[in-house]
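The sequence lines fix the lettering, A, B, ..., with proteins before strands; numbering per chain opens at 1. Atoms considered below: every heavy atom in the structure, side chains included; atoms not considered: hydrogens, waters and symmetry mates.
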Amino acid sequence: MTTKRSRSLSSAAADSNAPQNGIASLLSPKAQGKRRVTTSSPPPHVGAPPNRLIIAIDLDSFYVSASRLLDPSLIGQPVGVKQKGLLATCSYEARALGVRKLSTVRDALRRCPALILVDGEDLTWYRRLSAKVWRLVRGVVGPWDGKVEKLGLDELFVDVTEMVDAHIRGREEGKTREDAGRVFFQVAPDSEPEAGFWYDTLGKPIGHVLPLDSHASSSEDTPSSTYRSRLILTTHLALHLRNLIHSQIGLTTSAGIAHNKVLAKLVSSRHKPAKQTLFLPRSAEDVVRFLDDEADVRAIMGFGGAIVSKMRESLGATSSEAAANDDASPPLSVSLARKAFPLAHLTTLFGPRLGIRLHGLLRGLDDEEVAPTPLYPLQISIEDTYRGLKGQEVVAEQMRLLAASLLRRLEGELMGSGAGMLSSEPGKAEQMEKQDDRGKWQRHDMPLFLPGEQGNITGKEAPISDQKVIVRCYRERESDPSESSTWQRYPLTVRLSIRHGWGKRTSRSTAMPLDIFDVRTLSRRERAERLAGVLMGLLLRGGPGQGQGQGQISGEALLGGEGLNLINIAALNLATRRPAAQPLRTFFDAGGGGAARQKRDSVDMETLLQLPEDIRREVAAQYGIVLEEQEAVVGAEQESRLDTGCEEDEDDALWDDLPPIPAMDPSSPANIASSSLVCSHCGVAEAPWLQHDHARWPIYGVPAVLLGSATASEGSGA
DNA sequence: CTGGGGTCCT
DNA sequence: AGGACCC
């Protein structure tokens, strides 16, 4: 359908300013000549003249603006939003006083002692506001097959090609309202004929235009359906969306309009708060000239630190430039990058796929489609940073807090009534739009927690740079899921990532314990306890290289060296339906040797484990399941059991109801043994936090006796 | 002295 | 599981 449309448009373009109109000439000769040889089907626009209409929208100093909605006294003030020791962002007033985004708090306060600090470590409010903006925009362009992609909390990409062309078609068919040189762009379906905006048929763009001489030279453009006039029309639509975001939500935005994402994003940052910029090149040369103004190739989305560092290194080797791998090394300009890195060079350095992409990016070529952000994310994670967190009890306590925090988020974002509270509610967005553009801002309904007498601000005193500094902190009231709300998605996997000292992150994942979904029968505390237990198991599991689970990593993680600097817990693999039970048997089924294995498929382990103890024991006895809690296991017996290997045994692993994570010294074998349970499958005793994993992959589980000896080397002896 | 998140690719 | 990218 794209081809049909673009044919009619390019025939319209052919009459007036064909050579300068630059549709074909926007492509490099290479790209024009090349026909797709790949077997995978390319996006419709690949290899075709640029035809898409992309808007990049950027919420201005988002965290600051969002905080100002909660606390208007911040308006007009130099404000910095801090996360731990860093300024996530700061207000333009603060920037005028020399404060830089991403500077340390200490540095910012040195430059601007009057800086007002806001705590931005809890993202709840920002996340909600961000989703609101996304839904608003999607409510407008969605009905026209428009696509909206969220990038982080404060950026959107919007593909309005279909929407604009639908309008142009309607206009060609005389279906639009016109009045004294103006046309009405009806933005909602026919049920809402008043929603939309008037624009001037003179074809003047809204906002800034780049390259600077671009529009002036083509001022004789007729407002016909040329590609250029479609881009110009898009600036009106962009303003409309920005006006909506401002009037309905109260946030100002910057925007860029171009024929692809990278260029739209690049120009969106050229004029920054509350302005928009159109990129309107006449030729491919215009694009390259524009990019060559960019002194730092990192300004192009896709050129990150690792890539540029590698490029600079390669440059130093061939051109005797003394650019080491420093952070302080001078930026690599786009023009230098383009001249110094022919395609063959880039593919050598980065492989065919990435190399080709980077080569195109240096010339402004970008095929990346606007990928509609799905209703539910692919993963939900929380994290916190520490200064050398160590000790079993300390770590376990943090794990409990983080687990509870993750559960709170999962409940908030994955539960709802069938329609989905996070869902677009297309009708609602249209209603909002139907209201006048200059209407009052929407009420922001964050249920605020009011600890202070003076209002909704919690003052937190924090010692920063030797002074006590007040950090304003806005908190949301706790709430439980409503009665009617049910899980819309079920994360099947949980992943624990940690950073040890200042090293790199490492991560392990395992099955999500399914009882975290039982919000009716278990308190959040109980479910958090369960999840934290599983996480402690992951912490102790160590890497695959640890084979039998010597517990080296775990010992160090809990007790040794620098301690933990970061803990991140992620819920991923979000399923639509709740699985029946924990997949305990996969390992054994794959093992193949289970012909004689006795089947107990009729027993739902999860259900069994949740029964009251007396009933549970009764049922277990009936099915021959060992629910025995064991005081201690003799070391020698364990060793021999371990040698035989769990996979040869016949029974499924099963543990008794899990006790809380014991607050105890893990280096004491006695403690471990006393709280261990014996695997009914292979007979190995495991500490509580290892049982979950052991049940899935017995060979990775760390037998208590080994754990004891491993930690004993650092701890209080065997 | 370096946040608290996300996505995709290998 | 890790590494790159994005904000």
Side-chain angles (χ1 to χ4, degrees), chain A residues 56-63 80-90 101-108 118-127 130-131 134 149-157 261-262 265-266 268-269 298-310 327 349-355 357-358 361 368-374 376-388 402 405-406 409 413 464-465 493 495-499 501-510 538 541-546 553 562 565-572 574:
Chain A
I57 299 177
D58 196 322
L59 305 175
D60 295 325
S61 50
F62 174 56
Y63 286 1
V81 178
K82 60 149 264 180
Q83 290 167 328
K84 299 289 157 60
L86 208 65
L87 276 197
T89 193
C90 56
K101 183 198 279 200
L102 293 183
S103 67
T104 62
V105 172
R106 194 193 311 249
D107 214 36
V118 170
D119 186 303
E121 288 156 29
D122 182 344
L123 301 185
T124 306
W125 169 240
Y126 308 118
R127 211 178 266 125
S130 172
W134 170 62
E149 174 180 355
K150 241 158 84 65
L151 187 58
L153 293 185
D154 67 341
E155 282 187 21
L156 295 178
F157 288 107
K261 285 168 65 175
V262 163
K265 180 174 165 55
L266 200 54
S268 79
S269 60
R298 288 213 53 179
I300 300 177
M301 184 177 52
F303 285 86
I307 286 174
V308 173
S309 178
K310 204 165 167 182
D327 246 7
L349 282 176
F350 300 109
R353 195 167 165 143
L354 185 52
R357 166 146 179 87
L358 296 176
L361 287 180
E368 203 91 342
E369 298 210 72
V370 175
T373 295
Y376 292 97
L378 303 176
Q379 56 168 297
I380 292 179
S381 72
I382 56 156
E383 67 187 47
D384 206 344
T385 54
Y386 309 91
R387 323 264 306 205
L402 289 170
S405 175
L406 180 64
R409 268 197 71 193
E413 298 181 24
I464 295 169
S465 68
T493 306
R495 180 184 64 203
L496 174 71
S497 304
I498 59 172
R499 191 176 58 205
W502 284 104
K504 300 181 176 182
R505 286 186 188 213
T506 59
S507 64
R508 308 281 173 248
S509 62
T510 190
L538 282 181
R541 192 209 284 172
Q546 303 295 313
I553 283 189
E562 313 160 274
N565 226 333
L566 171 133
I567 302 179
N568 172 294
I569 312 174
L572 29 121
L574 273 62

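A close approach under 4.0 Å does not occur between any side-chain nitrogen or oxygen of A:Lys84 and OP1 or OP2 of B:dT2. Here A:Thr385 reaches the OP1 or OP2 of B:dG4: one of its side-chain N or O atoms lies under 4.0 Å away. Contact annotation: A:Lys261 side-chain N/O to C:dC6 OP1/OP2 distance is not under 4.0 Å. Between A:Ser509 and C:dA1 there is a side-chain N or O to OP1 or OP2 distance below 4.0 Å.
A:Phe350 places its CZ atom 17 Å from the P atom of C:dG3, with the value rounded to the nearest Å. In this entry the distance linking CG of A:Leu59 with C1' of C:dC7 reads 11 Å, nearest Å. Put simply, CG on A:Leu87 is 14 Å from C1' on B:dC1, counting in whole angstrom units. Across the protein-nucleic acid pair, A:Lys101 atom NZ and B:dT2 atom C1' stand 16 Å apart, rounded to whole Å. Rounded to an integer number of Å, the gap from CG of A:Leu102 to P of B:dG4 is 13 Å. Whole-Å rounding puts the A:Arg499 CZ to C:dA1 C1' distance at 17 Å. One can place CG of A:Asp119 at 9 Å from P of B:dG4, the figure rounded to the nearest angstrom. Here C:dC6 presents its P atom at 8 Å from NZ of A:Lys265, a figure rounded to the nearest Å.
Residue-level contact check: A:Phe303 touches the backbone only, with heavy atoms under 4.0 Å from sugar-phosphate atoms and none from bases. Residue contacts shown for A:Gly351 are absent, as no nucleic acid heavy atom lies under 4.0 Å away. Counting any heavy atom pair closer than 4.0 Å across all strands shown, A:Ala306 reaches sugar-phosphate atoms only and no base atom. Note on A:Gly120: nothing from the nucleic acid sits closer than 4.0 angstrom, heavy atoms only.
Counting heavy atoms from C-beta outward, A:Leu361 and A:Met301 have side chains that stay 4.5 Å or more apart. Side-chain contact between A:Lys261 and A:Glu369 is absent, with no heavy atoms from C-beta onward closer than 4.5 Å.
Taking the salt bridge (charged side-chain N to carboxylate O under 4.0 Å, His left out) definition, one finds that A:Arg298 meets it with nothing, sequence neighbours left out. The side-chain contact (heavy atoms from CB on, under 4.5 Å) check on A:Thr506 picks up A:Ile498, with sequence neighbours excluded. With sequence neighbours left out, the side-chain contact (heavy atoms from CB on, under 4.5 Å) criterion links A:Lys150 to A:Ser130, A:Trp134, A:Leu153, A:Leu156, A:Thr373. Partners of A:Thr104 under the side-chain hydrogen bond (donor to acceptor under 3.5 Å, both in side chains) rule, at least two apart in sequence or in another chain, do not exist in this structure. A:Gln83 is linked by a side-chain hydrogen bond (donor to acceptor under 3.5 Å, both in side chains) to nothing, counting only residues two or more places apart in sequence or in another chain.
Listed nucleotides B:dG3, C:dC7, C:dA1 differ in distance to A:Ser507; the shortest reach to its side chain belongs to C:dA1. Comparing atom distances between the A:Leu86 side chain and each of C:dC6, C:dG2, B:dG3 picks out B:dG3 as nearest. In this structure, the nucleotide among B:dG4, C:dG2, B:dC1 sitting nearest to the side chain of A:Gln83 is B:dG4.
When each of A:Leu59, A:Val81, A:Asp154 is checked for a side-chain contact (heavy atoms from CB on, under 4.5 Å) with A:Tyr126, only A:Val81 meets the rule.
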For this session: Quick one, give me the B/S/- string for nucleotides 5-10 of chain B, reading 5' to 3', where B means a protein heavy atom under 4.0 Å from the base and S means that only happens at the primed atoms, P, OP1 or OP2.
Result: SSBSSS
